[in-house]
Amino acid sequence: MSENGEEIKQNEEEIKQIELPASITVRDLAQVLDASPIEIIKTLMANGMMANINQEIDFDTAAIVSGEMGFETISRQVEEEEEQEIVEIPLWRKKLEEEDEEELELRPPVVAILGHVDHGKTTLLDAIRNTSVAAGEAGGITQHIGSYQIDHEGRSITFLDTPGHAAFTAMRARGAQGADIVILVVAADDGVMPQTEEAIAHTRAAQVSMVVALNKMDRDNAAPDQVKQQLSDIGIVPDDWEGDTIIVPISAIEKTGLDDLMEAILLIADDLEIYANPQGDVFGTVIEAELTKGRGAMATLLIQNGTLKVGDTVLAGASYGRIKAMFDYNGNKISEAGPSVPVSVMGFGDVPIAGELFNLVKNEKAAREQVNQRQVRVEKQEEELDPVANLEQLFERVQAGEEDELRLIIKADVQGSLEPIVSSVQSLKSGGEQQEIGVKVIHAGIGNVGENDVMLASATDAIILGFNVGPDNAAKRLADSEGISIRKYKIIYHLIEDIEKALKGMLEPIEKKILVGKAEVLAIFPSGRHNNVAGCRIDKGEFHRNGKVRVIRDGKVAFEGDIASLKRHKEDVSEVRTGFECGVGLKGYSDFEEGDILESYVIELVSEF
């Protein structure tokens with residue numbers, strides 16, 4: 001192939017160029033390079049750097065990774081405007097726009113308290129309402145969402161106490177979505193932390209106003225100016241620094257600065273002009289729900305419009321029921337509640353999903369009809385959008401003695417559904433004469449499928465099952481790029497039945513072409529009287545003598561068949577790997593052209609699940 005040396009050299013010089021900013025996250029770099037985030041992380045590890053998918057790396061590090069993947073990097077000189085994610089306005093706010101303006105009245109503001117773990121959120125709320133919630137919390141960390149209402153100088157303020165620990169990110173997001181104003185608690189002796197930034201992101205996504213409570217000012221090592229600088233660096237500029245965010249120094253322990261904080265809340269509320277129609281349509285948000293002994297399904301509801309009364313029939317998502325009893329935040333029985341009032345209600349047939357919008361319906365029959373209509377729409381959407389999930393080579397690995405279990409990650413909407421699902425699937429097993437296949441639940445949890453679930457599935461070769469939940473956008477993109485299976489269900493029986501079929505090998509296998517190598521034809525050589533051999537360079541993967549090849553020309557498949565010969569330096573070889581040149585002959589085909597792309601693949605039987 002020496003006669004084509006100049007052409008080979010030219011191809012080697014055609015390296016793809018990309019522009020990169022001064023810093024970039026691992027996720028974004030993977031998208032730019034059209035590679036898997038896991039592949040980027042592995043490359044970083046090989047170069048002595050540990051990083052996660054959300055971590056930012058500098059230009060020089062990104063250039064090293066890109067270079068190893070065949071890219072030449074150019075520094076982006078022009079600063080790009082940061083794209084802000086456009087988030088849809090919460091549904092309850094849209095419904096409020098339908099109310100008659102003449103009947104609207106000012107309502108108490110709803111305030112969510114967000115921030116990093118141990119920065120004093122619950123202690124602050126405890127100081128505000130003069131109770132001792134923090135002392136009764138497990139480990140001093142809030143484990144649930146509580147709703148409370150206080151009076152300050154004759155005006156009511158409703159508070160949502162949301163957890164600040166990283167494990168409760170989803171709950172924290174729900175708190176922000178139900179609020180008009182957010183108090184971001186930042187410890188003056190600790191500063192901006194990861195959950196602080198997450199809380200800010202949730203607040204921005206919910207499109208609500210923010211006031212910062214600079215807590216622990218009583219500490220000797222408090223550094224308020226340093227914290228203000230940290231906040232300014234992430235776009236939260238204090239009002240005394242010519243910004244638009246009110247920052248109030250406080251001490252929840254010493255109970256100092258609390259009046260100033262309440263005044264800031266009411267000042268923002270007056271500016272926002274928060275309205276509702278007490279006589280209008282009743283709707284609001286499910287703050288929390290649980291199944292209790294004696295009372296059944298109990299739900300904490302935040303009324304955002306209208307007046308909720310005992311005896312009303314409430315519909316929240318797929319859950320509904322006639323309210324039998326209603327309690328205020330102190331546990332006292334009440335008969336009705338108006339806008340911005342948090343109440344605990346009894347009467348739901350099953351546990352509603354926290355974060356759902358609720359509204360009133362005529363009766364339980366009407367509620368059932370609406371639920372059935374929603375179910376039909378959801379099932380139709382799932383039929384159209386359901387992703388392909390599979391159990392790749394499971395049974396082949398079992399027969400080879402390499403696998404003896406099906407690994408699952410299970411996510412559900414509520415704990416009441418999760419427990420019976422996990423219990424049922426763990427008891428399943430299917431055996432044969434050689435080996436028994438069992439089920440192992442790698443992880444089970446409440447909430448949507450997230451990126452961490454997908455990363456765990458990739459690391460453990462697990463399949464993700466969602467019951468009444470699905471993946472968020474980021475998780476779906478990562479799952480698609482990693483080939484991770486995410487299967488959604490609405491009926492427990494169907495979920496269990498599919499797993500049983502998979503274990504018993506009853507799912508009909510399909511043939512799937514697995515790409516193992518890619519090469520470019522650089523020259524054509526005669527071989528025999530009527531045959532030609534393609535002189536190639538392997539650009540990706542590897543070619544095997546017993547493999548199959550498709551010839552791609554102008555983006556279309558020109559031929560597909562078996563490899564007849566595979567040679568290097570005129571010697572027969574069994575395989576050729578990336579970066580090496582070789583000669584490829586195909587059975588029944590010799591019409592090669594320079595520039596053709598050869599894709600080598602193997603056919604595997606895959607069980608669709």
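The residues of the chain are indexed from 1 along the displayed sequence. All values below were derived from every heavy atom in this structure, side-chain atoms included, with hydrogens, water molecules and symmetry-related copies excluded.
A 4.5 Å side-chain heavy-atom check between L465 and I409 finds every atom pair outside the cut-off. In this structure the side chain of D180 never reaches within 4.5 angstrom of the side chain of V208, judged on heavy atoms. The shortest distance between side-chain heavy atoms of L357 and N359 does not fall below 4.5 Å. Side chains of L302 and V286 form no contact here, defined as non-hydrogen atoms less than 4.5 Å apart. Using a 4.5 Å heavy-atom threshold, the side chains of K411 and D453 count as touching. For the pair I464 and I484, the minimum side-chain heavy-atom distance is below 4.5 Å. Side-chain contact between L315 and F358 is absent, with no heavy atoms from C-beta onward closer than 4.5 Å. In this structure, the side chains of V314 and Y320 stay at 4.5 Å or more apart for every pair of heavy atoms.
Annotation for Q304 and A276: closest pair O-CB, 3.7 Å, computed over non-hydrogen atoms. Of all heavy-atom pairs spanning E364 and G321, the tightest one is OE1-CA, 4.5 Å. The nearest pair of heavy atoms linking I157 to M262 is CD1-SD, 4.1 Å. The two atoms that bring I486 and A479 nearest to each other are CD1-CB, 3.6 Å, heavy atoms only. Shown here for P109 and I265, the closest heavy-atom pair between the two residues is CG-CG2, 4.4 Å. Minimum heavy-atom separation, S424 to I496: CB-CD1, 3.6 Å.
Here N277 contributes atom CG and E103 contributes atom CD; the two are 5.0 Å apart, rounded to the nearest 0.5 Å. Between I113 atom CD1 and L184 atom CG the span is 11.0 Å, to the nearest 0.5 Å. The CD1 atom of I410 sits 11.0 Å away from the CD1 atom of I463 when rounded to the nearest 0.5 Å. Y329 contributes atom OH, which lies 9.0 Å from atom CG of N332 (distance to the nearest 0.5 angstrom). Distance check: D271 CG to S209 OG gives 7.5 Å after rounding to the nearest 0.5 Å. Once rounded to the nearest 0.5 Å, the distance linking NE2 of H152 with CG of L261 reads 9.5 Å.
The environment of N363 atom CG is dense: over 12 non-hydrogen atoms of other residues, nucleotides or ligands sit within 6.0 angstrom. Atom CG of D100 sits in a crowded spot, with more than 12 heavy atoms from other residues, nucleotides or ligands closer than 6.0 Å. Within a 6.0 Å sphere centred on CG of N473, heavy atoms belonging to other residues, nucleotides or ligands number 12 at most.
Looking at Y275, its side chain never comes within 3.5 Å of a backbone N or O of L104 through a donor-acceptor pair. Side-chain N or O atoms of D151 include none that pairs as donor or acceptor with a backbone N or O of G154 at under 3.5 Å. Although no hydrogens or angles enter the test, the distance criterion places a donor-acceptor pair under 3.5 Å between the side chain of T196 and the main chain of M193.
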Yes or no on side-chain contact (heavy atoms from CB on, under 4.5 Å) for V211 and T245, after CA distance, side-chain angles and deciding distance? CA-CA 6 Å; V211 56; T245 303; over 6 Å; no
Decide side-chain contact (heavy atoms from CB on, under 4.5 Å) for V111 and T158; before the verdict, give the C-alpha distance in whole Å, the side-chain angles of both, and the deciding distance to 0.1 Å. CA-CA 6 Å; V111 180; T158 299; over 6 Å; no
L267/I246 under side-chain contact (heavy atoms from CB on, under 4.5 Å): CA gap, chis, key distance, verdict: CA-CA 10 Å; L267 182 64; I246 299 176; 4.2 Å; yes
Take E288 and M298, measure what side-chain contact (heavy atoms from CB on, under 4.5 Å) needs, and give me the verdict at the end. CA-CA 9 Å; E288 186 57 286; M298 295 290 295; over 6 Å; no
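Tested against M210 for a side-chain contact (heavy atoms from CB on, under 4.5 Å), the candidates L114, I236, I181 yield a single pass: I236.
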Could you list the donor-acceptor pairs under 3.5 angstrom formed between side-chain atoms of residues 333-350 and any protein atom two or more places apart in sequence or on another chain?
| from | atom 1 | to | atom 2 | distance (Å) |
| --- | --- | --- | --- | --- |
| S340 | OG | R107 | NH1 | 2.9 |
| S340 | OG | P108 | O | 2.6 |
| D350 | OD1 | S319 | OG | 2.8 |

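In this structure D270 satisfies the salt bridge (charged side-chain N to carboxylate O under 4.0 Å, His left out) test together with R155, sequence neighbours excluded.
Applying the side chain to side chain donor-acceptor pair (under 3.5 Å) definition to pairs two or more places apart or across chains, those involving residues 305-318 are E99-N305.
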